[in-house]
Amino acid sequence: MIVVIGGGPAGRLGAMHLAQAGAEVRLIEQRSIGGQCLHERCMTICALNDVARVIEYARTQKDLGILDSVPAVSYPAIRRRVCEVQEKLSSVLDAETRRAGVEVIYGAVGRLEGNRVYIDDEEVRADAVLAATGSRAAVPTIPGTDLPGVYTYQTLPAMPDLPRRMVIVGGGVVAAEFAHIFRAFGSEVEIVARHGLLADLDEKMRSAALRDLAGVGVREQTDVAGIEGDGRVRSVLLAGGEELSADTVLLATGLVPRSESLQGLRKGPDGAVVVDRRMRTSVEGVYAAGDVIGPPYLTPAARREGVVAAENILGHPTEMDYTGIPQAMSLRYDYAFATVGTDGGVTLSAPAPAGPGSFWDVAGGWAGLSQIRVDPGSGRLLGAAAAVPGASTILSYLGYLMKRGITVDDFDDIVEVHPSTDGVYGLARYASGMLKKKE
């Protein structure tokens, strides 16, 4: 018997892989299968952002005289419908998991004490364990975070209606995504970032993202001293003494591995379970994958980690490779990027071609951005980024091809889809021509 603790992307994919190989697998999930990606993070942002984009596209077309009005948002209806779809998706994942041969147990807590496995308080036999208990929202140690009206991505579904004025604390992707959504919905939004907003992005990609956040107030290099209110949020107090009025505060201050139920394993200072490239923990026969092992906190990485753990449990030595895994952010456009080399190369950028989802934006002088980084000696594509509708799909495949060593010369043989917002293709062709001319 193999016990999998956690039914998110890492645990579910690992469990299915094991079961399909003939292993007896029991998956323990305290809530609903699908993990935070389905119920609180990725899919929630997708759902809300779909509505936000409809509103923004309508606003653009109203400004052009094509539409005569912009639709209003019913936030309670959005939340209700989001939950309905999430429940439907969860039932699909449950059926898919069981069809693979996995026994799923809901409403129980799986925990470890070294190599001893418990389901609730009952010890069970296990030949191997895959711990995939995920993460939770990090809450900063500032006064007032327990006030009504303060939310994290996990508690946001409880927000009854659109806020008039929202302050988002944080400077990462989640902060930017929710700022874009609620600004499009009509809320006044202010971001307070302790360091920089989207500071890890390439400067041109960051500038493009800030275009999508027009109308959002941004305060960088700013600490929050506390959240004020008498029975409910009233304002956010900044370290310099300034006070920002707010009826809602969203804490987008990162993630913390959820490893409290996993005792007897080596962990890092943040509670992340320490694993090697085969997903093995410090206890023989115990593997871990997904958010519980710490960054990069990406669903595709978690899925792959779960499969790598399963392969090693089955006795097939396999190592996790993070090279070329793409990352994405959803604002008015998709922002996606992947890299296979951190240093060197020549970077080329250009406006993206107009296409589905960006045609009407040309009237305002903007259709997105494309960027590549090339090794001038070999022509190998070292990195790519796009800020366009559909960028996530483009970079999914491009990340894999870069990992396989694709060069800009290889793009000479590609016949692209048209119409498309993919400007990476044209940049690669241009780079190929320039390198040949140089030779």
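Only a predicted model underlies this, so the values are computations on that prediction, with no experimental measurement involved.
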Is there a donor-acceptor pair under 3.5 Å between the side chain of S259 and the backbone N or O of G271? yes
Residue pairs involving residues 261-270 (criterion salt bridge (charged side-chain N to carboxylate O under 4.0 Å, His left out); sequence neighbours excluded): none
Ring-face cation contact, Y118 with R111, 6.0 Å cut, 45° max: yes
State which residue, out of L130, L112, L27, fulfils the side-chain contact (heavy atoms from CB on, under 4.5 Å) condition with I5. L112
Taken to the nearest 0.5 Å, the spacing of L67 CG from W360 CH2 works out to 9.5 Å
With sequence neighbours left out, the residues meeting side-chain contact (heavy atoms from CB on, under 4.5 Å) with S207 are E203
Check the side chains of D422 and S420 for a donor-acceptor pair under 3.5 angstrom, ignoring hydrogens and angles. no
Using 0.5 Å steps for rounding, measure from the CG atom of L93 to the NZ atom of K88. 13.0 Å
How about E96: does its CD atom have over 12 heavy atoms from other parts shown lying under 6.0 Å from it? yes
Side-chain donor or acceptor of T281 paired with backbone N/O of V275 under 3.5 Å: no
To the nearest 0.5 Å, how far apart are CG in L18 and CD in Q20? 9.5 Å
Using the ring of each side chain (for Trp, its six-membered ring), is F178 parallel, tilted or perpendicular to F182, with breaks at 30° and 60°? parallel
Check: E56 main-chain N/O paired with T60 side-chain donor or acceptor under 3.5 Å: yes
Hey, could you give me the CG/CZ distance between D247 and R164, rounded to the nearest 0.5 Å? 6.0 Å
Under 3.5 Å side-chain donor-acceptor pair for D361 and Y333: yes
Taking R277 for the side chain and M320 for the main chain, is one N or O donor matched with an acceptor at less than 3.5 Å? yes
Say whether, by atom type as modelled, one donor and one acceptor occur between the side chain of S235 and the main chain of E243 under 3.5 angstrom. no
Test of understanding: with side-chain contact (heavy atoms from CB on, under 4.5 Å), list the residues that count as partners of Y106, not counting sequence neighbours. E29, I33, D94, R98, V104
Before you tell me yes or no, could you show the steps for R125 and V117 under side-chain contact (heavy atoms from CB on, under 4.5 Å), namely the whole-Å CA-CA distance, both residues' side-chain angles and the distance that decides it to 0.1 Å? CA-CA 7 Å; R125 178 191 62 83; V117 187; over 6 Å; no
For Q154, what residues pass the side chain to side chain donor-acceptor pair (under 3.5 Å) criterion, not counting sequence neighbours? Q36
Give every residue pair that meets the side chain to side chain donor-acceptor pair (under 3.5 Å) criterion with at least one member in residues 347-359, sequence neighbours excluded. S349-Q371
Can you check whether S392's main-chain N or O pairs, donor with acceptor, with S396's side chain at less than 3.5 Å? yes
If you count every heavy atom of other residues, nucleotides or ligands that lies below 6.0 Å from D121 atom CG, does the total exceed 12? no
Just to verify, what does D63 make a side-chain contact (heavy atoms from CB on, under 4.5 Å) with, not counting sequence neighbours? R59
Indicate yes or no: at least one non-hydrogen side-chain atom of H180 is less than 4.5 angstrom from one of R332. yes
Look at the side chain of Q30 and the backbone N and O of G107, then say whether any donor-acceptor pair between them is shorter than 3.5 Å. no
Checking T97 against R12: is there a side-chain donor and acceptor pair closer than 3.5 Å? yes
Tell me if the CG atom of D200 is crowded by more than 12 foreign heavy atoms within 6.0 Å. no
Stepwise, does the side-chain contact (heavy atoms from CB on, under 4.5 Å) test hold for V374 with L381? CA-CA 5 Å; V374 183; L381 195 61; 4.1 Å; yes
Straight-line distance of L298 CG to C42 SG, nearest 0.5 Å: 9.0 Å
Begin from the C-alpha positions of D212 and R53 and carry the test salt bridge (charged side-chain N to carboxylate O under 4.0 Å, His left out) through to its verdict. CA-CA 11 Å; D212 282 2; R53 286 175 175 175; over 6 Å; no
V139 vs T253 side-chain heavy atoms within contact, under 4.5 Å: no
Quick one: does Y335's side chain have a donor or acceptor within less than 3.5 Å of a partner on A391's backbone? no
Output, in order, the C-alpha distance, side-chain angles, deciding distance and verdict of side-chain contact (heavy atoms from CB on, under 4.5 Å) for R232 and L147. CA-CA 6 Å; R232 183 173 176 81; L147 280 170; over 6 Å; no
Between V129 and I2, is any pair of side-chain heavy atoms under 4.5 Å apart? no
Between T339 and R373: side-chain donor-acceptor atoms closer than 3.5 Å: yes
Taking atom OH as the centre, does Y322 end up with more than 12 heavy-atom neighbours from other residues, nucleotides or ligands that are less than 6.0 angstrom away? yes
Heavy-atom distance under 4.5 Å between the side chains of Q86 and T44, does that happen here? yes
Say whether, by atom type as modelled, one donor and one acceptor occur between the side chain of S187 and the main chain of P163 under 3.5 angstrom. yes
Could you give the distance from CD1 (I181) to CD1 (I168), rounded to the nearest 0.5 Å? 9.0 Å
Indicate every side-chain donor-acceptor pair of residues 222-231 with a distance under 3.5 Å to a residue at least two apart or in another chain.
from, atom 1, to, atom 2, distance (Å)
T222, OG1, E220, O, 2.8
D223, OD1, R194, NE, 3.3

Beyond-backbone contact of Y151 with V249, side-chain heavy atoms, under 4.5 angstrom: no
Please identify each residue that fulfils side chain to side chain donor-acceptor pair (under 3.5 Å) with R81, with sequence neighbours left out. E84
Trace of the side-chain contact (heavy atoms from CB on, under 4.5 Å) decision for K204 with D202: CA-CA 6 Å; K204 286 192 176 181; D202 167 87; 3.3 Å; yes
Got a sec, which residues hit ring pair (Phe, Tyr, Trp, His ring centres under 6.0 Å) with Y425, two or more places apart in sequence or on another chain? none
Salt bridge (charged side-chain N to carboxylate O under 4.0 Å, His left out): pairs with one or both residues in residues 287-306, sequence neighbours excluded: R41-D291
Taking it one step at a time, do R136 and E260 satisfy salt bridge (charged side-chain N to carboxylate O under 4.0 Å, His left out)? CA-CA 11 Å; R136 65 178 183 275; E260 296 84 354; 2.4 Å; yes
Mind checking side chain to side chain donor-acceptor pair (under 3.5 Å) for S330 and listing every partner two or more places apart, or none if nothing turns up? none
Check E188 with R165, please: is the shortest side-chain N to carboxylate O separation under 4.0 Å? yes
Please check if atom CD in E284 has more than 12 non-hydrogen atoms from other residues, nucleotides or ligands closer than 6.0 Å. no
More than 12 foreign heavy atoms under 6.0 Å from OH of Y400: is that the case here? no
With a 6.0 Å cut-off (strictly less than), is the heavy-atom count around CD of E123, excluding the residue itself, greater than 12? yes
Holding to side chain to side chain donor-acceptor pair (under 3.5 Å), I want the full list of residues that pass it with R26, two or more places apart in sequence or in another chain. E103
